[in-house]
Structure formats: structure tokens, C-alpha cells
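Accompanying notes for the structure given below.
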There are 4 protein chains.
Amino acid sequence: MRKKEGNKETAILEAAVKVFAEKGYHQSKISKIAEVAGVATGSVYLYYKSKEDIILKIFDQLWSKLSQELEQTIQRTDLDPVTKLDAIIDILFDSFTVNPALAIVFVNEQNQLMQQEKGNVAKLYKGFLDLSEKILREGVDKKIFNTNIDIILYRDFITGGLRALLHEWARRPEEFPLDQIRKNVKYIAKNGILIHHT
Amino acid sequence: MRKKEGNKETAILEAAVKVFAEKGYHQSKISKIAEVAGVATGSVYLYYKSKEDIILKIFDQLWSKLSQELEQTIQRTDLDPVTKLDAIIDILFDSFTVNPALAIVFVNEQNQLMQQEKGNVAKLYKGFLDLSEKILREGVDKKIFNTNIDIILYRDFITGGLRALLHEWARRPEEFPLDQIRKNVKYIAKNGILIHHT
Amino acid sequence: MRKKEGNKETAILEAAVKVFAEKGYHQSKISKIAEVAGVATGSVYLYYKSKEDIILKIFDQLWSKLSQELEQTIQRTDLDPVTKLDAIIDILFDSFTVNPALAIVFVNEQNQLMQQEKGNVAKLYKGFLDLSEKILREGVDKKIFNTNIDIILYRDFITGGLRALLHEWARRPEEFPLDQIRKNVKYIAKNGILIHHT
Amino acid sequence: MRKKEGNKETAILEAAVKVFAEKGYHQSKISKIAEVAGVATGSVYLYYKSKEDIILKIFDQLWSKLSQELEQTIQRTDLDPVTKLDAIIDILFDSFTVNPALAIVFVNEQNQLMQQEKGNVAKLYKGFLDLSEKILREGVDKKIFNTNIDIILYRDFITGGLRALLHEWARRPEEFPLDQIRKNVKYIAKNGILIHHT
DNA sequence: GATGAATGAGTGTTCATTCAT
DNA sequence: TATGAATGAACACTCATTCAT
């Protein structure tokens, strides 16, 4: 928020995303992040208390933002579950389109952070998944979504699939037009691979 | 005593999978791997030339084995594409069921290794995906699979979804009965979430 | 604070000379050099990129300085070859007198470094020897030095002899008064052991 | 002495000389010495109790042999001091001619071993030098050698000069014909560089 | 706040030495 | 004796973090 300081704080976070995306968290040096951010090494520690703190803030910010957006979608009464399902996908795609490096960091580092139970990553991510679950639950209740499918599993499955595609796209954006990916994902998530004769 | 007992070589690899699964590759110490394997630190270097070499061998072995199994499935003429699609899923599930830690390592480290272009990981994994593609292509040709879906994208999507579920399962096997996951995945991959009225 | 105080850089180099002189290059630990220099272990790597880099810099500095001094002597037209020959000896003695430890390092490590063709040691040393050769050549041309003697061999012989004496002196300065050594060397180099009746 | 075992013991020592000459003592691995000697790594320890023991034995053997030869020369009453001085030089040259690698090891490692006071190297070498001194002393007494020259210094000087030339020769035998070196050394040691008009 | 030189704990890797066979 | 796999102590080097300026 504050202009002057906020600039450096943000610059460091953005630099970190870039560096983490390229080298991976553990291979990234604080000095490199500082260099990319255009600040001195020591300055990083004015805004973040450790290297880990940086990546946790990245994920904090990511999932807070996505959860908030998803929340808004859920509350809309004018949309049916199918459209809301599409919306989840759109929220993720839109978010990472703006910042492909963030997609890479997400894909590469999230698991470990959750597994090591660092910071709030697991909790925040769970929050997002829970929101997704609500939408799915709503669809099931309205007999639009298949009751045979375990909603938790479906939710994780779709998120995992998305993650893989986002990663591919983020690494080679030119080979995988995002709109095509998005369209396909929406279709697959709903219909699977089989041809359904109605 | 004799080199080809292979006990120690294998013990180290298995220990590494466990340690990598628990701590992540970068946080894992060679001395810890040695300890778990029941050998001295230096002995690790009798069989592997570096820490990286260990993880690369893990992935080499993994994808070679899976590719080989998939190959056999593809060549069977008595199976239709749908059954073969199920087979891919089974192959992955069976493999990781035997060794949940391996699933975790796979999920956590594969991306980075591929991205940093270490060893043959990318090539071997591509080999596996290419085989999967064959099955999908066959289904498309036989008008069983939906032509609107981009096969490459579908393939990556499903693999990503599987990966996510395997990871969840590997971390908390008791909460996610593998058979239920397997059944759901097979269903979702084919039909998506929607109810299809035939 | 400022990089160019150079205090630390120099302190490390001087500490290294001391430690190398006492233990020999390979037995010397970076941590010991740091300790003697009064800095932290890691600080050594702020100024030198490796242990080898340190010893190479020592030799770089040594031969550059000596060559420069010798060059000045050669260019003097007021000195005859015999005096210039004495000057070579003086230059070496003066140099090592200031820093006996340096003499020891020189004697103990130079051969190996040259043989393994590390850095510029061989080149720089050759530069020094070439300058010495010029003086000898001048003496031969002026019929003052003996034509029967191969100049290259003489040059190497004298340098080797000097080296040995410097080493002895550096280890036990009190037993070998430097002035006596110097006087003897000058005499031997010119007249050998025999009594020449003129 | 014993044939079978003696072979291996000697093979190891000879291999060590070669390896030490090429890599330097500290960079030489026992496993490499064993390989060159054609024995197993562990076998080295059947004959030598440590790496250091090997190099000490090399020097033991070297100086014992040279001292013995020199002793015989000294005792000859039919030779004048000048001829005996030549003999010292011949003994050294002959010895290293047979085994140039030994010359390199001598030049590169002797100082350090003496300085660190390992084994008997210093004592044995001193024995050799003392014998040389006797010859010089004899020359002085007979008014053939110059009384102005400190014998100890002369002795060290000549030995150092020899060492340097032997090293050069051992590294590039083709460039420095040994006989020419030998002739020059003998001349320089006696007459120095100056032309003496008699 | 901002800097970047300084710190020193941490770890992959080597290799002399041992020892079961 | 002979082997060579196994050992584990040792050390160069890295880099997150601190702190004097």
C-alpha cells in the first residue's frame, strides 16, 4: 500500500518469483533475488525475515487472491454449477496468464511446502479447495454432477490436471495457446474422453 | 563382498527414495541416506557418483519400468482403447502402491529435474507420454474417443490429475483408499463430471 | 567496509604465505589461513576464488615484482655485466629477506605449480629467467663471461643454488647470516671453488 | 631379497616414484599407485604402513645408496679433491639418469619432508652432505679449494644448482642432453662464470 | 531505511586406511 | 598373502543471515 516502501517490498517478491521459477527455490540465492529486484542483498531482510518467508508470502498472496475471487463467484446466484465450474478454471488460468513464472513456482514448490507444513500454505490451499468443493457439492445437489464421483477426489484430480497443463504452458507458451488449453480443460473436466451419444 | 550382490546399491537407492520423500531432495543429506541404508557415508559414492546421480537413477528406473509395462499393454490386440486407457491408470497405480515414497518423490522432484534438463528424465518421461498418446490416438481413430479433445493436452491433464491424487494418497494412505481413487479416476477420465443421459 | 581498503585481501595473502610456509600448501587449511588473517573462513572467498587461486596470486605477485626490479637493473648502462650479475643475486636476497616465509613457499611449491601448469607461474618465472639470461648474454658478448658455459644451464644452476641457500636461511636465519651467504654466492657464481692464480 | 614378495614390495615403490613424479605426493592416490604396481589397493599396506611410509622409504633408499657410493669415493687415496668433487656430481647424475622420475620426486618433495621432520630424510640427507663436506674440506686443506668460501654454503649451493638442472632435465630430457649438463656443472662448480687468465 | 562486506554453520565429496573373505 | 569393498574423518567451498556504517 505505502508507495515508497511498498515498491521495494513488491519488487523483491516479484524478483523472487522470477528467480524461483527459473532455478527452483533451493537453488535460488538471496543475492540473486536482490540483484533482480535492484536492491542490496541486506535489504531483502528489511522486508522478509528469511528466504522461506519470501516463498510463503508468495503463496499466501496467491491463494488469498484466488480464494477471494472464487468466493465472489460462488455467491452469485445467477450462475449454475456448470458455469461456476468453468469459473474456477478461468480464475486459475487468468491468474497465471498474468504471471507465468508464478505458475511454475506454484507447480514446483507447493507440494514440498505443504508437505513440510511450512507457513499457511496448506491451510490457504485447503481453503481454496473447499470453496471449489462447494461448487461441486451444489452441482451434485442439483443433480447436475455425477453422484458416483467422490467430490474430493474429483477436485484434486482436476486441480492436478490443471497444474500439469499450466506448467507445460508456462515453460513453452508459444506451443500451447492458452485459450485452447482452457477450452479443452473445461470440456474434459465435464465430459471426459468418451463420446457420449445423447 | 562381490559387486553384483547389488544389495548395497539397491539399499542406497531405496533409502534415498525414503529420505527424498520425507525431506525433499535438497534438504536430504547424503549422510542420512547412508544411515538409512545402513552403510557408511562414503559407501554411497561407491555406487553413485553424486547426489544428483542418485535421484536421476531413481527416475531412470521408474520410467524405464513403466514404459516397458505400458509397451506390453499397447501391443495387446485383444484389448480395446478404453481398456488400454484403464491400463495406463493401473500401471501407475500399481507401481506407486508398491512404493508410496516413490510417488512422493516423483511428484515433488520430477518437474524440477525436467526443467533443469538433468540427465534423461525429460526424455524418459516423454517416452512414457508418447506411449500413452498411442493409445489415445488409437481410440480416436476408432471413433471411440472424442476428436474435439487435443490428445496431447488430455494426456498431460490426466497424468497431472493422477499425480495429484497419488500424492495425496501417498501422504495419507488411510484416508484415501486406493481402489476408490482408482475407480474414480477411471470414471472421470472417461466421463468427466457431467451426467450423461443416454 | 570499502572494498579498496585492501587490508583484508592483503592480510589473507600474507597469512597464506605464513601458513603455506609452515605446513606446505596441501596441508594448509583455509580455516587456518582465515584464522591467522583474523577473518572468518568464508571471507577468504570474498577475495580469492579458491585455495589454488591464493597460491597463484602469491607467485604472480612475487615474480612480477622481481621481474620489474630486474628489468630496471638491465637497462642501466652505467653497470657492467659483473655488477648486474651481482644485482640479480641482490634482488632475490633482498626480496626474501623481507619475507623469509615467502622464500620457503617459493622453494617448496614453485616446482609443482610449474609442473602442473597451474596459472601463470611458469610463464612469469620464465620471464624472470629470460631477463637474467640477457645479463649473462651481455657478459658473454663483452668477453667477460666464459663462452664455454651454456648460459641457460648456468642461469638455472645459479637460481637453483640460490634457492637452496635461501631455504636454509629462511628456516634457520640465525645460523646463516644473510650477508655472508650473499657474499659467498656472489663469489662462487663468478669464480667457482678453485683457486685461480693470476 | 626374497624373490616373490620382494617383487611386489619393489613394484609398489617403483610405481609410487612414477606416480609421485607425475602428480606430486599429495595429489597421488594409493589406489593409483596400486594400479600402476599391478596389485590391489589393500596390498600396499602389507608392505608399507602408510602413504608417508612409502615416500620415506624412497628417500631412505636414495640417500643410503648415494651415501654409500660417495663413501667409497672418499676413501680412495688415488684421487685428488678435484676429481672427487667431480665424482659427487657423477654419482648424483648417474643415479637420476637411471630413474628420471626419482629426480623429480627428490626435487619436489624432499624439502617438505625435511622441513616437517618426517622420518630420517633430514638425517640421511645430512649424512650425504657431510660426506661431500669431507671432500671439500680435504681440498681446502690441500690448498686446492678456496679458503674464502664457506664450505657448508658451497655444498648447499652446488646441491641446489644440481637439483634445479636435474629437474629441468627430468621433465624434458630431450632438450637438455645430460652429458652437456654434467660437463657444465663440473666446470661452473669449479670456475664460476668468469674467465680466468692464468 | 539501505548497503554489501563479513560471518560461520553446514554438507557434498574424497581418499587413506581397514578388514572380512 | 591378497583382495577391494567398506569405512568415516577431514576439508574446501557455499550462502543465508547479520551488522557496522
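Each chain gets a letter, A, B and so on, in the order its sequence line appears, and its residues count up from 1.
Between the Lys65(A) side chain and the Ser95(A) main chain, no donor and acceptor come within less than 3.5 Å of each other.
Distance Lys23(A) NZ to dT14(F) P: 14 Å, rounded to the nearest Å. Leu46(A) has its CG atom 18 Å from the P atom of dT21(F), to the nearest Å. We find that CD1 of Ile54(D) is positioned 10 Å from C1' of dA16(E), with the value rounded to whole Å. If you measure from atom NE2 of His26(C) to atom C1' of dA16(E), you get 15 Å, rounded to the nearest angstrom. Between Lys8(B) atom NZ and dG4(F) atom P there is a gap of 16 Å when expressed in whole angstrom units. The distance from atom CD1 of Ile12(A) to atom P of dA2(E) is 9 Å, rounded to the nearest whole Å. Atom CD in Glu52(D) sits about 14 Å away from atom C1' in dT17(E), given to the nearest Å. Here the C1' atom of nucleotide dT1(F) and the CD atom of Glu9(D) are 13 Å apart, to the nearest Å.
The shortest distance between the side-chain N/O atoms of Lys51(A) and the OP1/OP2 oxygens of dT17(F) is not below 4.0 Å. Between Thr41(C) and dG8(E) there is no side-chain N or O to OP1 or OP2 distance below 4.0 Å. For the pair Ser43(C) and dT7(E), the criterion of a side-chain N or O lying under 4.0 Å from OP1 or OP2 is met. For dA2(F), the OP1/OP2 oxygens have a side-chain nitrogen or oxygen of Tyr47(D) closer than 4.0 Å. Between Tyr45(A) and dT17(F), a side-chain N or O to OP1/OP2 separation shorter than 4.0 Å is present.
Considering only heavy atoms from C-beta on, Val36(D) comes within 4.5 Å of Lys32(D) through its side chain.
Sorted by first and then second residue, the side-chain hydrogen bond (donor to acceptor under 3.5 Å, both in side chains) pairs with a member in residues 11-26 of chain A read His26(A)-Gln27(B); sequence neighbours excluded.
By the side-chain contact (heavy atoms from CB on, under 4.5 Å) test, Asn108(C) is found to be paired with Ile104(C), His167(C), Asn111(D), Gln112(D), Gln115(D), residues two or more places apart in sequence or in another chain being considered. By the ring pair (Phe, Tyr, Trp, His ring centres under 6.0 Å) test, Tyr125(D) is found to be paired with Trp63(D), residues two or more places apart in sequence or in another chain being considered. For the side-chain contact (heavy atoms from CB on, under 4.5 Å) test, residues two or more places apart in sequence or in another chain that qualify with Ala34(B) are Val39(B), Thr41(B), Val44(B). Scanning for salt bridge (Lys or Arg N to Asp or Glu O under 4.0 Å) contacts around Lys29(B) gives an empty result, with sequence neighbours left out. Applying the salt bridge (Lys or Arg N to Asp or Glu O under 4.0 Å) criterion to Lys123(C), with sequence neighbours excluded, gives no partner residue.
If you find the closest nucleotide of DNA chain F to Val39(B) and to Ser50(C), the one lying nearer the 5' end belongs to Val39(B).
Here Val44(A) lies out of heavy-atom contact (under 4.0 Å) with every strand.
A distance of 6.0 Å separates OG in Ser43(B) from NZ in Lys8(B), rounded to the nearest 0.5 Å.
Consecutive pairing runs in DNA chain E reach the stem threshold at E:2-21 with F:2-21, where a stem means at least three Watson-Crick or G-U wobble pairs with distances under 3.5 Å.
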Would you mind writing out the side-chain donor-acceptor pairs for residues 52-62 of chain D within the sub-3.5 Å range, not counting sequence neighbours?
unit_1, atom_1, unit_2, atom_2, d
Glu52(D), OE1, Lys118(D), NZ, 3.4
Asp53(D), OD2, Lys49(D), N, 3.0
Asp53(D), OD2, Lys57(D), NZ, 3.3

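Within residues 28-38 of chain B, the residues that place at least one heavy atom under 4.0 Å from DNA chain E are, in residue-number order, Ser28(B), Lys29(B), Ile30(B).
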